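Scroll down for the structure; my scribbles are underneath it.
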Amino acid sequence: MGELPLDQVRTLLAVVDEGTFDAAAAALHVTPSAVSQRVKALEQRTGRVLLMRTKPVRPTESGAVVVRLARQLARLEHDAYAELGLSGAGEPTRVPVAVNADSLATWFLAALTRVPEEPALSFELRREDEDHTAALLREGLVMAAVTSSSDPVPGCSVRALGRMRYLPVANPEFAARHLRDAPLVEALGAAPVVTFDRRDDLQDGFVRRLGGPGATGGRRHFVPTSEGFAEAVAAGLGWGLLPEAQADPLLRAGRLVELAPDHWVDVPLYWQQWKLDSPALAAVAEAVVSAAAQALRGPG
């Protein structure tokens, strides 16, 4: 097969990042036809289909390998330019990171403010459930991720960040109306519940831990933002599990009550990133680990 032409590899990365062939052409200052020809040539050279022609496009499993290579080459090239003092090194470095919604709403943005101003970085945050952020690493779409998986993605290192504790809470009036006339495990299973999306199993898992079959008997409301989720529970739409950082001020204000003070759910979080000798990635990692140590419970 020989070497992979760098212009074709970079073009594939641009298509994935921009989402369409036309947008990639605009970013690369070439025609859409040229972009299409380069991608086809790369597919012919590798003997693999590298892109799913959807909107936006997504890399295939083989394409993810090439995208990851392209992003790592770009990172190393930028670092080398910076060390050599060559032109273009002053441009902000794009750092795509996958992070779960609750971390994004509570402690992660504060972590990014700790990153030194040099080298200049431009963050692209991709919000995804902590159980699924590692998939974005595998696809080469991000350089690092906050994830619940301690198993390293191939080519990545892992550091424990700590545990995010979730408390079962509800609006006081909601609790009086729905949760007082039966044992808690039965009442929770039958009461309206707020969940993040259809993949969110946190509430059902909590009921199962108490000995019930899950939150199977009541209405289920899907609220796919962390801030909206907390407000929906505080407003009385249903009960739910909130991160301590979100629940504590609402508990102090009397807008929420804790349903089971001796029970909670701890979700371990990890930082996974590519194994690259990159000052930019190292700076981000140190800031994230430092902030997590203050915001999360210990990893024990």
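Everything numeric in this text was worked out from a predicted model, so none of it was measured.
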For Glu124, I'd like to know if atom CD has over 12 heavy atoms of other residues, nucleotides or ligands within 6.0 Å. yes
Co-membership, hydrophobic cluster, residues Trp239 and Val194, 4.5 Å side-chain: no
Hey, is Arg159 close enough to Glu286 for a salt bridge, meaning N to O under 4.0 Å? yes
Any heavy-atom pair between the side chains of Thr133 and Val146 that's under 4.5 Å? no
So, are Asp201 and Arg208 salt-bridged, with charged N and O less than 4.0 Å apart? yes
Using a 3.5 Å distance criterion without hydrogens, assess whether the side chain of Arg297 forms a donor-acceptor pair with backbone atoms of Gly162. no
Using 4.0 Å as the upper bound for N to carboxylate O, is an ion pair formed by Arg94 and Asp17? yes
Please tell me whether Thr60 and Arg48 have a donor and an acceptor in their side chains that are separated by less than 3.5 angstrom. no
Please answer whether the main-chain N or O of Ser149 pairs with a side-chain N or O of Gln272 as donor and acceptor at a distance below 3.5 Å. yes
Hey, is Arg255 close enough to Glu231 for a salt bridge, meaning N to O under 4.0 Å? yes
Looking at side-chain heavy atoms only, is the closest gap between Lys275 and Pro152 below 4.5 Å? no
Do Phe229 and Trp264 share a hydrophobic cluster, counting only Ile, Leu, Val, Met, Phe, Trp and Tyr and linking them when any side-chain heavy atoms are less than 4.5 Å apart? yes
Where is the tightest heavy-atom contact between Gln273 and Ala285, given as atom of each residue plus distance? OE1-CB, 3.1 Å
Is it the case that one hydrophobic cluster holds both Val16 and Val39, taking links as side-chain heavy atoms less than 4.5 Å apart, direct or via other members? yes
Do Ser33 and Gln37 have side-chain N/O donor and acceptor atoms under 3.5 Å apart? yes
What's the verdict on salt bridge (charged side-chain N to carboxylate O under 4.0 Å, His left out) for Arg53 and Glu43, showing C-alpha distance, side-chain angles and the deciding distance? CA-CA 13 Å; Arg53 269 69 169 178; Glu43 289 181 324; 2.8 Å; yes
Path from Trp274 to Leu112 over hydrophobic side-chain contacts below 4.5 Å: yes
Single-linkage hydrophobic cluster, 4.5 Å side-chain cutoff, Phe123 and Leu109 together: yes
For Asn100 and Glu130 the tightest heavy-atom approach is CB-OE1, 3.3 Å
Assess whether a salt bridge exists between Arg220 and Asp204, defined as any Lys/Arg side-chain N lying under 4.0 Å from an Asp/Glu carboxylate O. yes
